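Only one structure is covered here, and it is reproduced in the block below.
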Amino acid sequence: TDVIWIALKTHEVMEDMTQTGFAAHPAIVSTFMQHLTKQAVKSNVGKLIDDLKADFKKDASALKTSVSADIAKAKKEVISDTKNYVNDNIQNLIRKNPTLKK
């Protein structure tokens, strides 16, 4: 009896689809819309992820450049400060000990 019911139900659905047309049948339209929605979301999410990756790489590169410049500047300042400190101490020693020569 199940087989007969399934066969009759299949014929009923087929007749409904042929009368309304496959493209206009609610079962086909809703399934197709679900498919389109999933594809649109998937492609948009993929693009957003790619854009975020590109932005992150660009920002990381800019940060690396900025940090490298800051480190170089700090090294120059430390060297300059050290030279000044040493020179000042030598000058103080010479002033305190006039017997020392430059």
Side-chain angles (χ1 to χ4, degrees):
T1 58
D2 289 339
V3 174
I4 295 171
W5 183 85
I6 292 171
L8 291 174
K9 190 66 176 170
T10 302
H11 284 283
E12 183 181 311
V13 170
M14 285 186 340
E15 182 180 341
D16 187 35
M17 283 191 172
T18 53
Q19 285 177 354
T20 58
F22 284 103
H25 193 271
I28 300 296
V29 171
S30 67
T31 302
F32 187 63
M33 290 306 295
Q34 287 175 355
H35 171 73
L36 288 178
T37 304
K38 286 180 184 176
Q39 293 303 314
V41 168
K42 187 188 297 183
S43 67
N44 287 340
V45 168
K47 185 178 181 325
L48 287 173
I49 289 172
D50 291 342
D51 290 347
L52 285 173
K53 283 181 184 177
D55 288 346
F56 179 75
K57 286 181 182 178
K58 185 175 76 173
D59 291 346
S61 177
L63 181 62
K64 183 178 179 181
T65 302
S66 174
V67 168
S68 296
D70 289 345
I71 289 172
K73 182 180 174 185
K75 283 181 181 179
K76 286 180 184 178
E77 289 175 2
V78 167
I79 291 171
S80 176
D81 290 347
T82 303
K83 283 181 183 178
N84 291 337
Y85 177 78
V86 169
N87 285 335
D88 290 344
N89 283 331
I90 290 173
Q91 292 298 323
N92 287 336
L93 281 174
I94 291 172
R95 269 189 235 117
K96 290 178 183 178
N97 298 312
T99 57
L100 292 175
K101 294 184 179 180
K102 289 185 182 181

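Computed from a predicted structure; not experimentally measured.
- Going from atom NE2 of His25 over to atom OG1 of Thr31 covers 10.0 Å, rounded to the nearest 0.5 Å.
- Think of Leu36 as one node in a network of Ile, Leu, Val, Met, Phe, Trp and Tyr side chains linked at under 4.5 Å; its network also takes in Val29, Phe32, Met33.
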* Kindly determine whether Leu93 and Asn89 satisfy side-chain contact (heavy atoms from CB on, under 4.5 Å), including the steps that lead there. => CA-CA 6 Å; Leu93 281 174; Asn89 283 331; 5.6 Å; no
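- When hydrophobic residues (I, L, V, M, F, W, Y) are linked wherever their side-chain heavy atoms come within less than 4.5 Å, Val3 remains an isolated member.
- Side-chain atoms of Thr10 come within 3.5 Å of backbone atoms of Ile6 as a donor-acceptor pair (strictly under, hydrogens ignored).
- No side-chain donor-acceptor contact under 3.5 Å links Ser66 to the backbone of Ala62.
- With rounding to the nearest 0.5 angstrom, the CG atom of Asp88 is 14.0 Å from the NZ atom of Lys83.
- Not a single salt bridge (Lys or Arg N to Asp or Glu O under 4.0 Å) links Glu15 to another residue, sequence neighbours left out.
- The backbone N or O of Lys76 lies less than 3.5 Å from no partner atom in the side chain of Ser80, so there is not a single donor-acceptor pair.
- Every residue two or more places apart in sequence or in another chain was checked for a salt bridge (Lys or Arg N to Asp or Glu O under 4.0 Å) with Lys58, and none qualifies.
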Worksheet item: Passes side-chain contact (heavy atoms from CB on, under 4.5 Å), Gln34 versus Thr37? Steps please.
Response: CA-CA 5 Å; Gln34 287 175 355; Thr37 304; 5.7 Å; no
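- Contact check for Met17 versus Met14: no side-chain heavy atoms found under the 4.5 Å cut-off.
- Hydrophobic clustering, defined by side-chain heavy atoms of Ile, Leu, Val, Met, Phe, Trp and Tyr closer than 4.5 Å, groups Val67 together with Leu63, Ile71.
- Under the rule for a salt bridge (Lys or Arg N to Asp or Glu O under 4.0 Å), Asp70 has no partner lying at least two apart in sequence or in another chain.
- One finds the CG atom of Asn87 at 11.0 Å from the OG1 atom of Thr82 (value rounded to the nearest 0.5 Å).
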